[in-house]
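See below for the structure under consideration.
Bear in mind the structure is a predicted one, so any value in this text is a computation, not a measurement.
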Amino acid sequence: MTDTLEHGGTRRSGTVPRTLGFVARKLGGAAVSLGLVAVLGFFLFRVLPGDPARTMTRSAPVSAEQLAQLRHRFGLDQPLYAQFRDFLGNLARGDLGTSYTYNRPVTELIGERLGPTVLLVGTATVLAVLLGLWLGTRAAWRHGTATDRWFTSVGLTLWSVPTFWLGLLLLMAFGVGVGPLPGLFPVAGMSSPDVPPGVLPRVLDVAHHMVLPCVTLVAVIHAQFMMVMRSSLLEEMGAEYLTTARAKGLRDDAVRRGHAVPNALLPTVTLVFLHLGMVVAGAITVETVFSWPGLGLLTYEALRVPDLPLLQGTFIVLASSVIVMNTLAELLYRVLDPRVRA
Amino acid sequence: MTSVLRLCDVSVDYATPAGPRRVVDRVNLDLDSGGTLGLAGESGCGKTTLALAVLRLLPRTARVRGRVLLNEQDVSQLTWGGLRAVRWAGASVVFQGAMHALNPVRTVFDQIAEPLRVHSVERPTVSALRERVRELLERVELPPERARAYPHELSGGQRQRVMIAMALACEPSLVIADEPTTALDVVVQAQVMDVLRRAVRERGAALLMISHDLSVLAGTCHRLAVMYRGAVVEQGETARLVTAPEHRHTRELAAAFPTVGDAGSRHVDGSAGSGGGGNVLLSARGVGVTFVDRSRTRTRAVRDVDLEVCADETVALVGQSGSGKTTLARTLLGLCRPDTGRVRYRGVEPGSSSGSLREFRRQVQLVAQDPTGALNPRHTVYEAVAEGLRIHRDVVGETERVRAALEAAELRPAADFVGRFPHELSGGQRQRVVIAGALVLEPAVLVADEPVASLDATVRGEILELLLELRRRRGLSVLVITHDLGLAWSIADRVAVMRAGELVEQGPVERVLTEPEHEYTRALLAAVPSLPRVVD
Amino acid sequence: MTTGGPSADVRARRPSALAEGWRAYRNERGGVFGLAVLVLVVLLALSAPLLTDPAGLDVTRVEEAPLRPPGAGHWLGTDESGRSVLLLTWWGARVSLLVGSCAAALSMVIGTLVGVTAAHFGGWTDTVLLRLTDFFLVLPALVLAIALSTVLSRGVFTIVLAIGVTSWPQTARLVRAQTLTVQTRPYVERARALGGGHRHVLGRHVLPAVLPLVFATTTLTVASAIIAESTLSFLGLGDPSRISWGAMLKSAMDTGAVTAGAWWYLFPPGLGIAVVVLAFTLCGRSLETVLNPRLRGEGR
């Protein structure tokens with residue numbers, strides 16, 4: 001492995017301008033996408049509802065006067081182009097407006113909730129990717145055997161289960177407890193009020209709270225990664241370079257680890273990142289079920305009202321982060337795959 | 001002399017849902033140390049299966065019977081560990097199509113060094129490996145820097161050299177080369193064969209070479225064996241087998257690769273109407289085509305070409321792949337727009353008036369290289385042949401005309417073929433359907449792009465015979481695009497040689513191919529393997 | 001044979017190609033199982049008004065105790081207002097299937113149009129459409145669907161629209177890739193050399209080759225659309241006037257069925273979603289295997 005790196009270092013020097021061009025193109029593309037997200041955010045929450053003030057107050061009776069006041073407060077009494085200009089200007093300064101229900105800056109609310117979501121989604125994604133790739137590799141390598149059929153059936157079944165339902169079931173079985181079985185894990189939130197002081201007890205407490213939501217997310221999303229890895233490896237299985245590797249006298253597992261998996265991994269990486277949006281969607285319902293104080297729960301709270309500025313904020317943040325992650329993945333892919341690099 | 005490889009009554013069966021299918025049938029072969037044996041046969045005759053059986057590389061559905069003795073050890077009796085030790089160190093393989101046989105994401109160095117690592121008793125140091133890889137690359141005439149390259153950064157010939165270097169890494173006593181040069185150009189093919197021959201001889205290894213091309217084998221191997229439907233039908237000394245073949249199939253294989261300059265393999269009466277003085281049908285004047293790819297690099301695929309096809313003549317356009325001959329053909333067919341120059345049909349530019357392009361499309365027809373791809377798998381033979389008529393809304397007597405076209409393409413009786421789908425036909429039959437699809441519009445010119453390149457040796461002769469026959473009977477002019485000088489020799493009146501987008505030489509076949517003026521034509525001719533050239 | 005000519009033969013061969021496809025499909029055990037389940041569920045959903053009395057769904061007209069465990073009279077127990085869970089689940093299938101198939105059909109139409117247009121016309125059209133497709137592909141579809149169904153008025157139509165306009169990018173990518181592949185085939189070149197125009201190439205060669213795969217993908221899209229529908233309903237964005245599986249699970253969570261351990265209220269709707277989604281997934285995968293020559297091992 002060391003020699004590859006040594007050679008790689010010198011080899012790439014000639015392609016630096018091309019790499020720079022590639023990076024610039026990708027970053028430019030990402031910037032355009034982020035711009036589109038902003039425009040979409042404005043369109044969805046300001047233009048599409050017709051009268052946002054009425055939408056927000058649809059569950060409570062309000063007088064015409066109150067409506068007018070509300071419109072003035074959110075700048076809705078101005079012409080659309082002026083609203084759009086202000087929206088973009090504020091966005092550039094990191095100001096996402098004021099929440100209708102909380103009456104606090106949206107940026108502040110999102111900032112508070114970002115940490116828990118990153119913790120939960122990050123942990124679950126890493127675990128799901130590792131588990132999915134491992135299971136997918138095993139299933140494909142033993143293609144057609146009982147192992148493969150078993151893994152595939154379990155994966156497909158878990159993939160068909162709605163995330164929130166699995167969460168509710170786990171919550172009932174292991175949170176509340178069924179029959180003689182006591183509740184093993186907390187049912188809501190990410191920490192208990194009665195934790196003894198100190199770093200370790202607090203970390204353990206959060207981990208204890210995170211078990212159920214994390215298991216739920218991993219169970220559903222690992223299946224997708226498994227199926228992708230499996231079919232990607234199956235596609236490589238017939239490749240002639242594997243016959244070459246076998247002819248060289250390599251052991252079966254060396255052929256798999258040294259030749260088949262590295263090739264199959266590359267398309268999988270792209271797909272893993274393309275499915276990040278799905279993970280985000282799972283996080284919204286899981287956080288709702290387990291009252292995990294993250295962005296998902298915030299979205300759920302906002303859409304009940306509906307608190308349009310807050311929803312707009314979470315939409316822009318969630319969409320932008322997925323775009324940023326994908327751009328990083330594309331840049332990473334170029335480092336990983338020599339065929340794209342040239 | 002000791003025997004390196006001995007096959008005793010080897011048979012291979014594949015398990016299929018319909019029961020076992022025999023692919024190799026009781027083959028006996030012998031190869032002494034340092035010897036060279038060529039195994040010839042058409043695709044699907046079982047020659048690759050036989051080669052893979054030597055190292056037990058066949059899929060699990062295959063069952064091998066008989067004895068395979070490698071260095072007097074029975075391969076089927078070996079344990080997995082013993083087998084792994086024999087693989088590559090005892091016998092190595094140069095696989096067909098190095099693009100796919102090399103791992104695309106690992107460097108050349110990694111892949112050559114891998115068997116060295118696996119087959120060393122103690123772990124070799126990186127510097128020792130580097131030295132060894134350098135030496136191996138030098139032996140196949142590749143610069144040592146190429147060790148850092150990835151397969152896609154190499155040309156086809158270079159990749160095949162890497163495969164050869166890899167095969168020699170562990171100094172095996174036997175090298176099996178499976179169609180080592182099939183996808184390569186004549187010139188590159190000659191170079192790679194040269195490297196392979198020399199490298200194997202220097203190390204004293206035995207060579208088992210597999211090819212469909214008898215002339216390639218004849219230039220390298222002392223002994224030849226011909227395989228047909230799983231069995232070896234004839235074997236013996238190369239000189240004897242080539243000059244006095246006994247089995248019918250050997251004769252067919254030999255005839256499929258005509259020898260340039262040999263009057264017996266020329267099927268055109270050179271005196272009749274050749275020379276291009278006749279009535280000009282299709283002409284290109286100063287045609288140039290430039291492509292701009294994604295990274296805005298301009299490639300001049302065709303530059304300033306003048307070419308004519310006259311009534312009742314066959315013109316061959318020869319050149320290596322990438323020489324621009326297919327682009328020129330597409331331009332002549334009006335599928336590609338020239339940047340400079342003009343294409344004319346009977347003096348009229350197609351597309352200059354609304355009716356002229358339609359008329360042109362009827363008069364000039366294409367026969368593509370790969371008949372499998374040229375037929376829509378969802379359309380029946382009837383639909384494929386009638387497509388042209390339907391496009392031109394010329395449906396009067398459609399059924400009769402389709403039938404006549406099929407019969408003209410020698411698919412008789414037509415009624416047996418009309419309802420079939422392409423996958424129910426053989427390669428040769430598919431090409432006949434494509435030809436019938438062109439004939440149904442009663443064209444004046446046929447542009448045939450590598451019409452036999454993807455066909456088996458014995459079928460090639462039949463398709464070429466059909467083209468000759470069509471010309472004799474209908475006076476059809478044909479422009480044949482080919483990389484194969486032998487083909488040009490056997491059917492064309494005139495030949496045009498193309499290199500890097502330019503025509504370097506053109507004239508009557510007898511003159512150009514026997515007394516070439518341009519050095520490139522001479523180089524091409526020198527690279528062509530020919531049968532009577534017996535091993536030195 | 002002689003009078004009808006070959007065209008009669010050709011017509012006679014068509015059904016046999018279909019029959020061949022069905023024979024190949026029959027070998028896919030999962031696909032046959034999925035298809036059987038689907039037929040059963042669809043029949044049940046269609047027959048709901050015939051076999052049951054919708055009056056049992058009216059909260060004001062029930063007399064049972066709320067959250068009663070399964071027993072005689074209520075095989076699957078009752079919900080928080082005393083309605084039969086079995087009846088609710090039975091009727092809930094209708095919305096899931098309706099929204100799932102309509103949304104998938106909408107997504108198929110958009111995806112096919114975008115994909116074929118991009119691939120066939122190329123150039124700037126392709127660049128812009130591809131860029132747009134990639135943008136929507138990366139964007140979390142559910143978040144977008146949530147936004148759409150929040151701001152638009154509640155109803156089945158909104159849900160269909162929200163899911164349909166957010167799930168087309170995969171289809172568009174697939175159709176574009178397939179169209180591009182088909183267009184490089186020598187038979188398209190041959191058709192052009194014969195004088196065929198855009199209409200001929202698209203109608204006779206491209207679409208017949210692409211549509212079967214689109215059909216397989218659409219089957220898979222139905223599965224994800226049903227999941228999306230249940231998620232939106234679970235978040236309270238569904239049609240309040242109709243019973244759906246997602247909405248049942250929402251009431252179960254909101255009314256404390258989980259803490260009360262009312263498993264009989266929780267299991268049926270979720271199981272319903274899982275079974276229908278699994279059935280569609282199995283059918284879609286089998287169709288893909290049968291229709292995609294590359295997966296069938298007929299490619300080069």
Exercise for review: Indicate yes or no for a side-chain donor-acceptor contact from C:Trp263 to the backbone of A:Met172 under 3.5 Å, with no hydrogens or angles considered.
Suggested key: no

Point to revise | Which portion of A:Leu308 sits near chain C, non-hydrogen atoms under 4.5 angstrom | key: side chain

Point to revise | Residues of residues 133-140 of chain C near chain A, each having a heavy atom less than 4.5 Å away | key: C:Phe135, C:Phe136, C:Leu137, C:Val138, C:Leu139, C:Pro140

Check your understanding: What is the ring orientation for C:Phe234 with A:Phe164, classed by angle as parallel under 30°, tilted 30 to 60°, or perpendicular over 60°?
Key -> parallel

Exercise for review: Can you establish whether the number of heavy atoms outside A:Phe174 located under 6.0 Å from its atom CZ is more than 12?
Suggested key: no

Check your understanding: Between A:Leu169 and C:Phe267, which heavy-atom pair has the shortest distance, and what is it?
Key -> CD1-CE2, 4.1 Å

Exercise for review: Report the option among C:Thr281, C:Ile273, C:Ile226 that has the most heavy-atom pairs separated by less than 4.5 Å from atoms of chain A.
Suggested key: C:Ile273

Check your understanding: Does CE belonging to A:Met325 count more than 12 external heavy atoms closer than 6.0 Å?
Key -> no

Point to revise | Pick from C:Ile227, C:Leu132, C:Val258, C:Val143 with the largest number of heavy-atom pairs that fall under 4.5 Å of chain A | key: C:Val258

**Study point:** A:Val322 versus chain C, the contacting section by heavy-atom distance below 4.5 Å
**Key:** both

Review point. Heavy atoms, side chains only, cut-off 4.5 Å: are A:Leu156 and C:Arg285 in contact?
Key: yes

Check your understanding: By side chain to side chain donor-acceptor pair (under 3.5 Å), which residues pair with A:Glu236, not counting sequence neighbours?
Key -> A:Tyr241

Could you pull out all donor-acceptor pairs under 3.5 Å where a side-chain atom in residues 28-48 of chain A meets a protein atom, sequence neighbours excluded?
| unit_1 | atom_1 | unit_2 | atom_2 | d |
| --- | --- | --- | --- | --- |
| A:Ser33 | OG | A:Gly29 | O | 3.3 |
| A:Ser33 | OG | C:Arg131 | NH2 | 3.0 |
| A:Arg46 | NH1 | A:Gln83 | OE1 | 3.2 |

Practice item. Could you tell me whether the side chain of A:Phe315 reaches within less than 4.5 Å of the side chain of C:Leu144, counting heavy atoms only? Key: yes

**Study point:** Residue-level interface, residues 145-154 of chain C with chain A, non-hydrogen cut-off under 4.5 Å
**Key:** C:Ile146, C:Ala147, C:Leu148, C:Thr150, C:Val151, C:Leu152, C:Arg154

**Study point:** chain C contacts, top residue of A:Val161, A:Leu303, A:Thr55 (heavy-atom pairs, under 4.5 Å)
**Key:** A:Leu303

**Study point:** Interatomic spacing from OG1 in A:Thr299 to CG in C:Leu235 - rounded to 0.5 Å
**Key:** 9.5 Å

Review point. Checking C:Ala260 against chain A: side chain, backbone, both or neither under 4.5 Å from a heavy atom?
Key: neither

Practice item. Verify side-chain contact (heavy atoms from CB on, under 4.5 Å) between C:Leu271 and A:Trp165, making sure each step is shown before the conclusion. Key: CA-CA 9 Å; C:Leu271 217 53; A:Trp165 183 57; 3.6 Å; yes

Check your understanding: Are any non-hydrogen side-chain atoms of C:Met253 and A:Leu171 less than 4.5 angstrom apart?
Key -> no

Point to revise | Among the listed options A:Thr285, A:Leu168, A:Asn326, the residue most often paired with chain C at heavy-atom distances under 4.5 Å | key: A:Leu168

Review point. With only heavy atoms counted, which part of A:Thr152 is less than 4.5 Å from chain C, the side chain, the backbone, both or neither?
Key: side chain

Practice item. Pick one of side chain, backbone, both or neither for A:Val289, based on which atoms fall under 4.5 Å of a heavy atom in chain C. Key: both

Review point. What part of A:Leu311 lies closer than 4.5 angstrom to a heavy atom of chain C: side chain, backbone, both or neither?
Key: side chain

